[in-house]
Number of protein chains: 2
Amino acid sequence: MKREKNKELFRKFVSRQGLKSTRQRENILDVFVSTKQHMSVEELYEKLRAAHPGIGYATVCRTLKLFAQSGIAHEIHFGDGRTRYEPAAQGEHHDHLVCTGCGTIAEFENSTIEELQTAVADGHDFLIHSHKLELYGLCARCRK
Amino acid sequence: MKREKNKELFRKFVSRQGLKSTRQRENILDVFVSTKQHMSVEELYEKLRAAHPGIGYATVCRTLKLFAQSGIAHEIHFGDGRTRYEPAAQGEHHDHLVCTGCGTIAEFENSTIEELQTAVADGHDFLIHSHKLELYGLCARCRK
DNA sequence: TTTATAATGATAATCAATATCAATAAGGAG
DNA sequence: CTCCTTATTGATATTGATTATCATTATAAA
């Protein structure tokens, strides 16, 4: 199961880096892996406080950064000034359809686009590490 | 010429919106249209101060936002917390290759990718308004 | 000119994220 | 199990970029 795999990966990361396993990190990990996509730090913080009162905002920020470093999370910026995180699915990648009407975010994957990206990068002698593709517009509901 | 066209477009926008033509706006317009791509607000401010001392930072911010509203500029966010602007070329669109080694930004266009994006959006009954595609990695020089 | 209104620039306010730091917790050594 | 070094936490201050405020100045139409 993906969730458990990410939890395992993070625990290995912590031990490999000589970091310590703490109650807070486990709590944040639990909530994070079972969360819906694209949560902002603020949203995750609120959700965490509900389940684990007393946790600090700074700790949430720090831990999410660790998640990104460990590879189990991706940091996302949609240009609204908030940092968002989403659980990473190893070996997969998806891009986003962002509705400017209601804020809904849908996901998609398209391997042909990915291949073309690689081709473009090759043409520039550029080595792709990661990419970001976002389509902004109106979702089906907001078009009506 | 593209630069003059953008200047004309902005002047029309100002008059159409009942805004006023000011020395500062003309100065910022001059510097902006003749600038290299992807300048941050800070960089544009510094460049402007060199040519037109006394101009305020807030005015630069406000005017760049107006440029974006008028359609002659695009606002760009690369995730480093700085807002950048680039002159818009009407009817064209390009995407970015961002080197995480030296920070260099190259541009590319690929109409096939654009078509596939439209196809993906159609499949979701989504109407694209704009999009952002950025490839992060190492440029030719940094790969060596 | 006069006059209503918009724009400017200095500065304060905002907002998310990060740094600081004293108190606490983890976990290996003995 | 206890000690001890070091990492972590959480409260708060700070940062850094952008935006709001507001008195003063400038624009452009009557």
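Letters A, B, ... are given to chains in the order of the sequence lines, protein chains preceding strands, and every chain is numbered from 1.
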- Would you call the rings of A/H38 and A/F78 parallel, tilted or perpendicular if under 30° counts as parallel and over 60° as perpendicular? tilted
Rounded to the Å, how far apart are [X] [atom1] and [N] [atom2]?
X: B/E43; N: D/dA17; atom1: CD; atom2: C1'; value: 14 Å
X: B/L48; N: C/dT8; atom1: CG; atom2: P; value: 12 Å
X: B/Q69; N: D/dT19; atom1: CD; atom2: P; value: 11 Å
X: A/Q17; N: D/dA7; atom1: CD; atom2: C1'; value: 14 Å
X: B/L19; N: D/dA29; atom1: CG; atom2: C1'; value: 15 Å

- Has the side chain of B/E43 got a donor or acceptor atom that lies under 3.5 Å from a matching backbone atom of B/S40? yes
Distance (rounded to the nearest 0.5 Å) between [X] [atom1] and [Y] [atom2]:
X: B/I72; Y: B/L9; atom1: CD1; atom2: CG; value: 7.5 Å
X: B/F108; Y: B/L135; atom1: CZ; atom2: CG; value: 4.5 Å
X: A/E109; Y: A/T112; atom1: CD; atom2: OG1; value: 11.5 Å

- Message: Could you check whether atom CZ of A/R141 has more than 12 heavy atoms from other residues, nucleotides or ligands sitting under 6.0 Å from it?
- Response: no
- Is the number of heavy atoms from other residues, nucleotides or ligands under 6.0 Å of A/H129 NE2 greater than 12? no
Between protein and nucleic acid, restricted to nucleotides 1-6 of chain D and to nitrogen or oxygen atoms under 3.5 Å apart, what atom pairs and distances do you find?
residue : atom : partner : partner atom : Å
D/dT6   : O2   : A/K20   : NZ           : 2.6

- Message: Applying the salt bridge (Lys or Arg N to Asp or Glu O under 4.0 Å) criterion to B/E75, which one of B/K132, B/R82, B/K65 satisfies it?
- Response: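 Only one option passes, and that is B/K65.
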- Can you check whether B/K47 reaches B/T35 side chain to side chain, under 4.5 Å on heavy atoms?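 Yes, side chains in contact.
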- Query: Under a 4.0 Å N-O cut-off, is there an ion pair linking A/E26 with A/R11?
  - Reply: yes
- Item | Interface with DNA chain C, restricted to residues 21-30 of chain B and to heavy atoms under 4.0 Å | B/T22, B/Q24, B/R25
- Apply ring pair (Phe, Tyr, Trp, His ring centres under 6.0 Å) to the pair A/F10 and A/F67, showing each step before the final yes or no. CA-CA 7 Å; A/F10 181 66; A/F67 288 175; 4.7 Å; yes
- Query: In B/S/- notation, 5' to 3', how is nucleotides 16-22 of chain C contacted by protein heavy atoms closer than 4.0 Å?
  - Reply: SSBBB--
